[in-house]
Each structure stands twice: as C-alpha cells, then as structure tokens.
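Written below as structure tokens is the structure these notes are about.
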Amino acid sequence: MSTPSCVTRFAPSPSGHLHVGGARTALFCWAFAKGKGGTFLLRIEDTDQKRSSDSASVGFLKDLAWLGIGWDEGPVLGTHGGGAHGPYFQSERLDIYNRYLAQLVEAGKAYYAFDTTAELDAKRQAAKLAGHAYRYDRSEMANLPKATVDAWLAEGRPAVIRCKTPDGPITIVDEVLGEATLPAGEVDDFVIRKADGFPTYHFAVVVDDELMRVTHVLRAQEHFNNTAKHMVLQDALGFRRPIYGHLPLITNPDASKMSKRDKDKVLRKTVIDRKLTAPPQDTISQARFDAWMADKNTQLELAEASLLATGLQVTLPEINVDDFRQSGYLPEVLCNFLALNGWSPGENVEKFDTEFLKQRFDLKRVVKTPAKFDRTKLLSFNCDAITGMPREEFVSRARLHGQEFHADFMKRITAEQFEQLAGASHERSKTLDEMFRTNRFFIIADDVLAWERSKNVEKALLGPEPNGLSHLRAVLPVLEGCAEWSATALEQAITPYAVQHTEGNLGKVAQPLRIAVSGGTVSPPIFDTLAILGRDSTLNRIRRCIATFTA
RNA sequence: GGCCCCAUCGUCUAGCCCGGUCUAGGACACCUCCCUUUCACGGAGGUAACAGGGGUUCAAAUCCCCUUGGGGUCACCA
C-alpha cells in the first residue's frame with residue numbers, strides 16, 4: 001500500500017451531536033485531502049474519562065455522513081471508516097502512549113510531578129493576584145532524586161508526568177496565519193499524562209498524528225497556542241512536523257461562541273418573560289424545572305430542551321448539524337454555506353457543491369477573521385436550492401423529511417394528498433420543514449377546526465356588504481354542483497362567479513374560502529388547497545364557517 | 001492582566017502577497033417601486049464599508065509604525 005501524499009484528520013471529542021463549527025472544520029479537512037487524492041481520517045479524542053461515558057458518544061458520525069463528508073479511516077459507520085492505523089479511539093491506545101511516555105521519562109525529557117491540585121490552584125491564584133501569568137515552576141519536581149520518585153510511585157502517590165519544555169522562543173508556522181513567535185518561557189512544563197493514567201490531549205494528539213501519518217493539521221484557531229506545545233513534543237519524540245492551518249472561528253451574530261448553551265438562554269428568557277413557575281404539560285418534571293431555574297449554570301439536556309421548547313412554542317437556535325437537519329435545511333446547502341464562512345473561491349462565486357469545493361479548496365484563501373454565522377443568508381441559500389430543484393425531487397425529499405420528523409402528519413394524509421400538497425408547496429418553501437408547520441389544517445378534523453379572530457380574518461369575512469361571508473354563501477352551491485373535484489375544475493367553476501360578482505377580483509372570493517377551510521389567512525394556492533382537502537371537508541368547513549360567523 | 005493573532009458595507013466576503021485598472025465588486029439583509037387570490041417567490045432600482053492617526057511613494061484599501069477596537073489562549077478539558 002502506498003503512502004498517501006496528504007492525510008488530514010478530524011479529531012473531535014465524543015458527542016452525540018456535531019456542532020456546525022466542527023462540521024466546517026471536518027468539511028475543510030475532507031475537501032483538502034480529497035482534492036489532493038489523499039486520505040481523510042477520523043479519530044475520537046476520548047481521553048477524558050469524565051466526559052466519555054455515554055454510549056451515544058459517536059452519534060455525530062451520522063451527521064457527518066448526512067452532510068456527505070465521508071471518512072476513509074476511523075470508526076466504522078456504513079461504508080465509512082476502517083483503516084490500518086487504528087484503533088481510532090484514543091482510549092484504546094493507552095499502551096501506545098505509555099510506551100512513548102516511558103521513552104521521554106527515560107531520556108529526561110519528561111518527569112513525574114507530585115503536586116496536588118490544591119497546591120497548584122493556590123499558586124495560580126497567587127500569580128493572578130500578583131498580576132502576572134502563572135507558569136509552572138519545575139525547580140522542585142524536575143530535580144527529585146530518582147530514588148524519591150520511585151519510592152513515591154511505589155507508595156501510590158498520585159502523580160502526573162510533565163514535559164520538560166526547553167528554554168527559548170517558539171515559532172509557529174501556520175499556512176493561514178503566517179508566522180508567530182511565542183517568547184521564551186511562554187510555554188511551561190505542561191502535563192502530558194494525568195494522574196488517572198490517561199494522556200492529555202496534547203500528548204495523544206502528537207503521538208497519533210505521527211502514527212497515523214497525518215500531514216496537514218487543519219483545526220480551529222482556538223488551538224493556535226497549543227501548537228507550540230505540540231511542536232515541543234514532536235521535537236522531544238523525534239517526530240516530523242505536520243503542516244498547520246488554523247481556521248477562523250464561527251460565532252453567533254453577537255460574536256459570542258455558538259454553543260448549546262444558547263438554547264438554554266432562549267428557554268430561560270422565555271420562562272422569565274412569561275413569569276412561569278411551572279413547566280408546560282408533558283415536558284419536563286416540576287422538580288427538574290425548579291432545579292434548572294434555580295441555577296443559571298445548569299443546562300437542560302438537548303432532549304429536555306426540545307421538549308420544553310415545543311411546550312413553550314418557541315424555536316431554539318440551531319447549533320448542531322442535526323438541528324439544521326430537523327429545521328429542513330439541505331445538507332448540500334449547509335456544506336456550501338459553511339464553506340463560505342472562512343473561505344471563498346473568489347471571482348464572485350458563492351454557490352457551489354462539495355465537488356467544486358474539493359477541487360478548489362486552498363489554505364491560501366482561508367480568511368483570518370472570525371465569521372458571524374448568518375442564519376438568514378443560509379435560509380436564503382436553502383430557499384434557492386429548494387425552488388431550483390425539480391418538483392419530483394422536492395416531493396420525495398419532503399416526504400423523507402416528513403417521515404422522519406412529522407410522522408403524525410404523514411399518517412393523517414394520503415400519499416396522493418401529500419404529493420399534491422408538496423407540489424403546491426414547492427415554490428413557496430424555504431425549508432423542507434415549512435410545509436409541515438404551516439399546513440396543519442389539512443390534518444385536523446373538520447369539526448375541530450377553529451377560526452382565528454384576527455383583524456385580517458374579520459376584514460375578509462365581515463366587511464361591508466357584499467362581504468366575504470356573503471360570497472361564501474353564494475359560492476357554496478357552485479361548489480356543491482362541481483362534478484369534478486380538481487384544482488383546474490374548481491378554478492373553472494369559481495372564476496365565472498368572480499367575474500360576475502367581484503369585477504374579476506378573484507381575491508374577494510379566494511380569501512374567504514381560504515379562511516373558511518384553513519382557519520387562517522395563509523395556505524397554498526386556493527384551488528390546490530380545496531382540491532387536496534377534498535369535496536366533503538371543503539363543503540363541511542365552509543358550512544361551519546358560515547354558521548360560526550353568522551352567529 | 002500576560003502572551004499570540006486579526007481589522008473592507010449591518011453580515012459573509014472579493015480586492016491586499018506583486019501599490020495605479022477601486023468614483024472598492026458580489027451575496028444576504030434593509031429601503032422604494034412592480035407583479036400578485038393569501039403566504040412566499042420573482043422583476044427593477046436604491047442606501048451602505050477600506051477603524052483612527054502618522055509615515056514611505058508621483059500614487060496606498062493595498063507597504064511600515066503607533067493608537068483604538070475585536071478575537072484566541074493562559075487546566076491533571078479537548
């Protein structure tokens with residue numbers, strides 16, 4: 001097997017959900033490697049025992065697959081993953097790390113340190129009060145006699161291993177940011193193995209990138225300063241140095257970090273604004289609600305947050321890839337838009353697919369500044385993509401979306417009705433989800449349909465004579481007499497009435513009809529709406545509407 | 001606070017490396033008008049930026065310096 005010229009990796013910590021920022025990083029790593037005929041690999045950084053317990057820890061893989069970002073090596077999912085350089089879970093590579101760790105200690109490039117957390121905290125605190133940055137002081141631990149170290153280890157004293165960082169400035173060479181030099185002393189003797197025996201992130205990354213023959217490290221800019229530590233370790237271990245590229249962060253419009261905490265904030269604000277003291281029915285328990293509201297620092301689980309949001313009828317900001325999926329965004333649009341945050345192909349091109357990205361992606365064109373994530377523009381892109389696709393494609397993609405996220409809706413509508421509805425909704429849909437949210441009236445029973453009592457409704461129905469209500473009365477027998485119940489047949493039946501009684505102003509008849517059958521002022525085009533609804537429901541609802549508003 | 005990085009319309013960005021073609025381009029948003037049976041779409045126009053100050057130069061958005069502003073990072077998290 002030949003060695004690929006280019007190997008990139010995406011190395012997240014385990015999670016059930018893929019954050020959009022992570023998705024963008026993965027996308028760039030993927031595009032970079034695949035554009036060069038190289039390998040893109042996935043590695044799970046699960047060295048934090050406290051965080052790596054849950055079984056859904058690699059749920060984010062499905063998000064990656066949904067986006068169309070396939071990985072050549074890594075955890076197996078469908079046709080993705082596998083590879084000869086595993087295991088790809090760091091927690092399964094402990095003996096590998098320990099080998100290199102021992103080598104460093106042996107060579108005097110790393111040492112055991114027995115400081116307690118309390119001692120270190122105190123020193124950090126003192127440094128902070130003194131107004132300078134804390135740097136680990138190696139004078140005690142680095143010079144412990146070997147006999148002492150062995151004795152303390154033998155008696156089971158908790159110990160970490162620290163890297164003995166050489167003195168001197170460190171220059172980071174970065175393909176997007178250029179060169180940056182950290183002054184001597186800026187990188188101290190950092191921990192490379194924790195007291196629990198697990199390597200720290202820094203150590204595991206360096207070893208794995210070497211062993212997995214990673215050539216290019218593309219990661220978020222928040223890792224920039226870590227690079228110096230990784231360089232120190234590479235030198236100590238005699239490893240080659242990969243090429244680095246640090247990608248600009250993606251933030252909220254207010255420049256704050258995008259995090260699932262944003263969902264919590266929306267919910268908390270809603271609860272406070274509405275002065276609620278109890279959760280809505282069928283959401284979360286009162287006890288959970290109280291505990292959550294009592295402490296600003298606790299967060300609801302994602303599932304709880306969704307339940308509560310549904311109960312409160314608020315929409316949560318999309319943060320994770322599956323949030324966007326649920327909201328009805330297209331994976332290809334999300335990829336396109338994500339790529340535009342931090343990169344652009346120039347030449348005023350901004351609509352492209354991942355194939356184009358693969359061919360054109362280039363570190364030189366990655367921007368240095370953080371990008372504020374603009375959901376409105378994403379929505380506009382999504383709208384363009386939806387209205388631009390063939391009708392059959394929209395219908396089938398909307399169907400899949402409905403089956404996954406609106407099972408109740410799909411159950412109460414026939415296949416034929418769905419096809420008509422989707423067809424009528426196509427050109428007015430900005431997302432795959434919209435038609436399910438705005439057309440609930442199709443799936444409720446005729447006798448529970450309620451009419452909204454808004455200004456617009458009253459204006460359309462109860463204005464000066466001849467008003468909407470009288471048009472409804474007049475048009476009812478016309479509809480009853482319709483032999484064929486299709487959009488075109490209905491149009492042919494109603495239009496003459498409009499010509500005769502409203503000077504051809506179809507709206508004067510259409511809007512009352514819309515209200516009568518939907519309960520509100522918004523629906524697909526009126527004849528489609530009536531056709532989908534069917535003869536019985538349409539007539540039923542019009543009769544009830546007349547009765548209701550006449551009373 | 002120390003250290004590092006960055007700085008073009010409200011937002012994402014093109015241009016910057018290799019000064020003149022930039023009276024700074026595109027997209028989203030916004031405003032106006034048109035289309036229209038609701039919603040949405042669509043069409044035509046428009047508003048809108050080189051953070052500030054010093055240099056260098058015949059010429060600076062483009063090069064240099066300072067100021068200001070923003071971001072990142074300072075864990076036995078990753």
Side-chain angles (χ1 to χ4, degrees), chain A residues 11-14 45-48 50-51 90 113 115-117 120-121 124 127-128 130-135 158-162 172 174 177-178 180-183 185-188 190-196 198-202 204-205 220-226 228 246 248-249 251 253 255 257 337 340-351 364-365 367-381 383-384 387 425-430 434 438 456 460 491 494 498 502 505-515 518 520-527 529:
Chain A
S13 46
E45 313 233 311
D46 56 348
T47 55
D48 184 2
K50 291 185 279 297
R51 289 211 295 185
Q90 290 183 329
D115 315 84
T116 65
T117 314
L120 294 174
D121 284 348
R124 271 191 208 102
K128 196 174 178 186
H132 56 82
Y134 171 76
R135 291 287 110 93
V160 300
I161 297 179
R162 285 182 183 266
I172 301 169
D174 183 281
L177 294 173
T181 301
L182 305 191
E186 196 54 33
V187 179
D188 66 2
F190 54 99
V191 173
I192 55 181
R193 193 180 76 169
K194 303 179 253 184
D196 65 6
F198 276 68
T200 59
Y201 159 75
H202 306 295
V205 160
Q221 253 170 44
E222 59 188 339
H223 287 294
F224 187 78
N225 289 37
N226 291 337
H246 287 92
L249 262 30
T251 70
K257 274 192 179 179
F337 185 71
L340 247 20
N341 280 256
W343 180 81
S344 92
E347 297 161 9
N348 292 342
V349 175
E350 57 174 7
K351 297 284 179 73
K364 284 195 187 68
R365 295 194 66 87
V367 301
K368 301 177 180 184
T369 51
K372 298 185 178 106
F373 193 79
D374 182 359
R375 288 191 184 74
T376 312
K377 183 161 178 174
L378 169 65
L379 187 62
S380 167
F381 272 40
C383 176
D384 290 350
T387 53
S425 304
H426 179 202
E427 60 187 4
R428 69 201 69 249
S429 286
K430 293 188 175 187
E434 212 174 311
T438 56
N456 285 340
E491 181 164 9
I494 298 292
T502 67
N505 188 346
L506 198 53
K508 292 264 192 244
V509 190
Q511 198 58 356
L513 277 171
R514 174 170 286 115
I515 292 165
S518 78
T521 55
V522 179
S523 86
I526 190 61
F527 301 116
T529 301

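Labels below follow one simple rule: chain letters A, B, ... track the order of the sequence lines, proteins then strands, and each chain is numbered from 1.
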Answer for the Watson-Crick or wobble partner of rU11(B), both distances under 3.5 Å, is rA27(B)
For rA78(B), take OP1 and OP2 only and decide whether either is under 4.0 Å from a side-chain N or O of Thr47(A).
yes
Go nucleotide by nucleotide along RNA chain B from the 5' end; which of Asn226(A) and Ala510(A) gets its closest nucleotide reached first?
Ala510(A)
Which base sits across from rU32(B) as a Watson-Crick or G-U pair, both distances under 3.5 Å?
rA44(B)
Return the minimal non-hydrogen interatomic distance between Pro199(A) and Thr47(A), and the atom names on each side.
O-CB, 3.6 Å
Which is true for Thr387(A) with a 4.0 Å heavy-atom rule: it touches a base, it touches only sugar-phosphate, or it touches nothing?
nothing
Using side-chain heavy atoms (C-beta onward) and a distance below 4.5 Å, is Thr200(A) in contact with Arg193(A)?
no
Nearest-Å distance, NE2 (His246(A)) to C1' (rC4(B))?
12 Å
Less than 4.0 Å between a side-chain N and a carboxylate O, is that true for Arg135(A) and Glu186(A)?
yes
Is the shortest side-chain N/O distance from Lys257(A) to OP1 or OP2 of rG71(B) below 4.0 Å?
no
Which nucleotide, rC3(B), rC28(B), rG1(B), lies nearest any side-chain atom of Glu186(A)?
rC3(B)
Hey, does Pro158(A) reach any base, or is it just sugar-phosphate, or nothing, if we go heavy atoms under 4.0 Å?
nothing
Closest-nucleotide 5' rank along RNA chain B - winner of Lys508(A) and Phe337(A):
Phe337(A)
In this structure, how many angstroms lie between the P atom of rG71(B) and the CD atom of Glu222(A), rounded?
14 Å
Using only modelled atom types and a 3.5 angstrom limit, is any donor from either the side chain of Arg428(A) or the base of rC41(B) paired with an acceptor on the other?
no
Using whole Å, report how far CZ of Phe373(A) lies from P of rC28(B).
16 Å
Return yes if a side-chain donor-acceptor contact under 3.5 Å exists between Ser523(A) and Thr529(A), otherwise no.
yes
Give Asp115(A) one of three labels, base, sugar-phosphate or nothing, depending on what nucleic acid heavy atoms sit under 4.0 Å from its own.
base
Checking side chain to side chain contact (heavy atoms under 4.5 Å, CB included) for the pair Asp121(A)/Thr117(A): CA distance, chi angles, key distance, verdict?
CA-CA 6 Å; Asp121(A) 284 348; Thr117(A) 314; 3.9 Å; yes
Around atom NZ of Lys351(A), are there more than 12 heavy atoms from other residues, nucleotides or ligands closer than 6.0 Å?
yes
Under a 3.5 Å cut-off for both distances, is rC3(B) Watson-Crick or wobble paired, and to whom?
rG72(B)
Can you tell me the distance, in whole Å, between the CD1 atom of Ile172(A) and the P atom of rU73(B)?
14 Å
Can you find a donor-acceptor pair, distance only, under 3.5 Å between Lys377(A) side chain and rA29(B) base?
no
side-chain N/O Lys430(A) vs rC41(B) OP1/OP2, d < 4.0 Å:
yes
Please determine, for rA59(B), whether a Watson-Crick or G-U wobble partner exists with both distances under 3.5 Å, and give it or none.
none
For rC16(B), the Watson-Crick or wobble partner whose two distances fall under 3.5 Å
none
Classify Ile526(A) by what it touches in the nucleic acid, base, sugar-phosphate, or nothing, heavy-atom distance under 4.0 Å.
base
Side-chain N,O (Arg124(A)) to OP1/OP2 (rC76(B)) below 4.0 Å:
yes
In whole angstrom, give me the gap between the P atoms of rA60(B) and rG53(B).
14 Å
